[in-house]
Amino acid sequence: MRCLLSASLILAVASYAWPQSRQEVDLGGDWEFVKVADLAPGPPDTGWAPMRIPGVLSGYDYERAWFRCEFVVPEAMRGQRLELHFGGVKWNSTIRVNGQTVGGHFGGYEPFDVDITSVARVGESNRLEVGCHDWTGVFSDRETDFSVMNERPTDPRDIPKDKVLAPIGGLTTQYGIWDEVILRSHPAVWVSDLFIKSSVRKRKLVVDVTVSNASPEAVTVDVTAAVEAAGEVALRLPARQVTVPAEGTAQATLEAPWESPRLWSHEDPYLYHLVTRLERDGRTLDELRTRFGFREFWVDGPRFYLNGSRINLLATSWWPELFKDREYIRERMLAIKAANCVIFRTHTQPWPEV
């Protein structure tokens, strides 16, 4: 159940060398799972069986399960903050690393991150354990009776009334780690969030930057940003200086006029790269590259507009099909485009059930 190739592990360090690079490792692959009656006692010692992650189990009547793997942290992550990124875990999950609870998430469809810097061990194997409820984990009680399912064909979603506290979607009987699990690293002072706002009507780009500081001292940094196209700088935004409190966050807004950007649309989905940097005393503390399209959508009365042109929101969706190559997906998307659909919603990936 080892998730990645062996390397050295990492602990939080007392001195901050402000490493510049970010790293990430995909932890998907061979895991183990075991179904349990309750998550509260923690993972059991026996009963584990192999499975692939991303992957899901099948159940709807108050089932619970643990998933686990072992992983090591690459040497390139030494001296950085460590996070586990979960693309989607259904439902009401608990995350443990080396026997310690480090976080979790109540819903089932939203991505979330968990900081594991303080619990990772150097030179030894790390164990990751993820506890999940089936969809009843987001119920307001534990009293729903599903015995009617044995008497007549019934959709489980038709049974609970006024009890579901989070979105459960269409695949009600699937639960587990249905999306990616990624180990990420970043410096102790880093760009933790971006909001890129492109305005066609104002011919302006605005970027709201959130800077986080996990160090024990306040840090003053220069926040810079530039837009790149094909490796060349297309726009520079004026820098801003912010002071980030110890173990806190600060915001900076960068903006600049842009008279003639190449506009993104469904017919020409052109993407730029925004390169955001944090600098201090002439050194780069962090760098983040983010793809984005320059476009603006607005409503005027009953009409919709994209980049100043009226658009009709003809939409469709489909359940993704398993084990198809990129060419097959490309052909399907081109067929949707040929049908003049301008909006597409993909449903949650129906991973094979165990």
Side-chain angles (χ1 to χ4, degrees), residues 10 12-24 74-83 85 111 113-118 182-200 202-262 264 270-296:
I10 183 172
V13 292
S15 61
Y16 292 86
W18 312 116
Q20 300 178 18
S21 60
R22 292 177 178 231
Q23 305 287 332
E24 65 177 42
E75 179 64 29
M77 293 184 176
R78 181 173 294 278
Q80 297 180 300
R81 304 293 299 182
L82 298 179
E83 288 183 351
H85 169 76
D113 301 320
V114 177
D115 190 300
I116 64 168
T117 309
S118 64
I182 299 198
L183 171 67
R184 291 176 174 170
S185 67
H186 58 73
V189 178
W190 76 104
V191 177
S192 57
D193 194 23
L194 282 179
F195 186 12
I196 303 173
K197 298 179 286 188
S198 52
S199 176
V200 172
K202 296 181 180 179
R203 295 291 172 175
K204 182 169 66 172
L205 183 68
V206 179
V207 182
D208 294 332
V209 183
T210 300
V211 183
S212 294
N213 178 13
S215 74
E217 298 179 354
V219 177
T220 298
V221 296
D222 294 318
V223 184
T224 70
V227 178
E228 291 186 355
E232 301 292 332
V233 175
L235 179 73
R236 291 190 186 277
L237 289 80
R240 289 284 305 277
Q241 188 175 84
V242 297
T243 298
V244 194
E247 300 180 351
T249 63
Q251 284 74 41
T253 297
L254 284 61
E255 60 181 88
W258 199 355
E259 290 300 323
S260 57
R262 181 172 173 178
W264 179 98
Y270 185 79
L271 297 177
Y272 290 99
H273 280 91
L274 179 72
V275 182
T276 309
R277 293 188 179 94
L278 304 182
E279 298 178 350
R280 184 189 188 198
D281 299 329
R283 294 179 298 155
T284 298
L285 306 185
D286 188 29
E287 177 180 301
L288 180 65
R289 298 180 63 86
T290 309
R291 294 193 307 170
F292 76 99
F294 196 103
R295 77 287 180 272
E296 186 176 7

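In summary, of the residues considered (H186, R277, R22), a side chain to side chain donor-acceptor pair (under 3.5 Å) with D286 occurs for R22 alone. Screening R81, E83, Q80 against S185 for a side chain to side chain donor-acceptor pair (under 3.5 Å) leaves a single residue, Q80.
Taking 4.5 Å as the limit, some side-chain heavy atom of L205 sits within range of a side-chain heavy atom of F292. Between L278 and V223, some side-chain heavy-atom pair lies under the 4.5 Å cut-off. Between P261 and Y272, the closest side-chain pair of non-hydrogen atoms falls below 4.5 Å. Between L194 and V209 the shortest side-chain heavy-atom distance falls below 4.5 Å. Side-chain contact between L183 and P74: present, with at least one pair of heavy atoms (C-beta onward) separated by less than 4.5 Å. A 4.5 Å side-chain heavy-atom check between T220 and Q241 finds at least one atom pair inside the cut-off. Looking only at side-chain heavy atoms (C-beta outward), S199 and E296 come within less than 4.5 Å of each other.
In this structure, CZ on R203 lies 7.0 Å from CD on E259, to the nearest 0.5 angstrom. The structure places CH2 of W190 at 13.0 Å from CZ of R184, a figure rounded to the nearest 0.5 Å. Atom-to-atom distance recorded for S215:OG and E247:CD is 8.0 Å, nearest 0.5 angstrom. Summarising the geometry, atom CH2 belonging to W258 is positioned 9.0 Å from atom CG belonging to L237; distances are rounded to the nearest 0.5 Å. How far CD of Q23 is from CD1 of I182: 13.0 Å, rounded to the nearest 0.5 Å. Remark: D222 CG to D281 CG distance equals 9.0 Å, nearest 0.5 Å.
Side chain of R240 to backbone of T253: a donor-acceptor contact under 3.5 angstrom is found.
Across A246 and N213, no two heavy atoms sit closer than the pair CA-ND2, 3.7 Å. Shortest non-hydrogen contact noted between L82 and T117 is N-OG1, 2.8 Å. The heavy-atom pair separating L274 from V227 by the smallest distance is CD1-CG2, 4.0 Å. When every heavy atom of A256 is checked against every heavy atom of P238, the shortest pair comes out as CB-CD, 4.0 Å. For G293 against L271, the heavy-atom pair with the smallest separation is N-CD2, 3.8 Å. The two residues V244 and S212 come nearest to each other via the heavy atoms CG1-C, 4.2 Å.
Between K197 and E255 no salt bridge is recorded (no basic side-chain N to carboxylate O distance below 4.0 Å).
In the displayed structure, R291 atom CZ is contacted under 6.0 Å by at most 12 heavy atoms of other residues, nucleotides or ligands.
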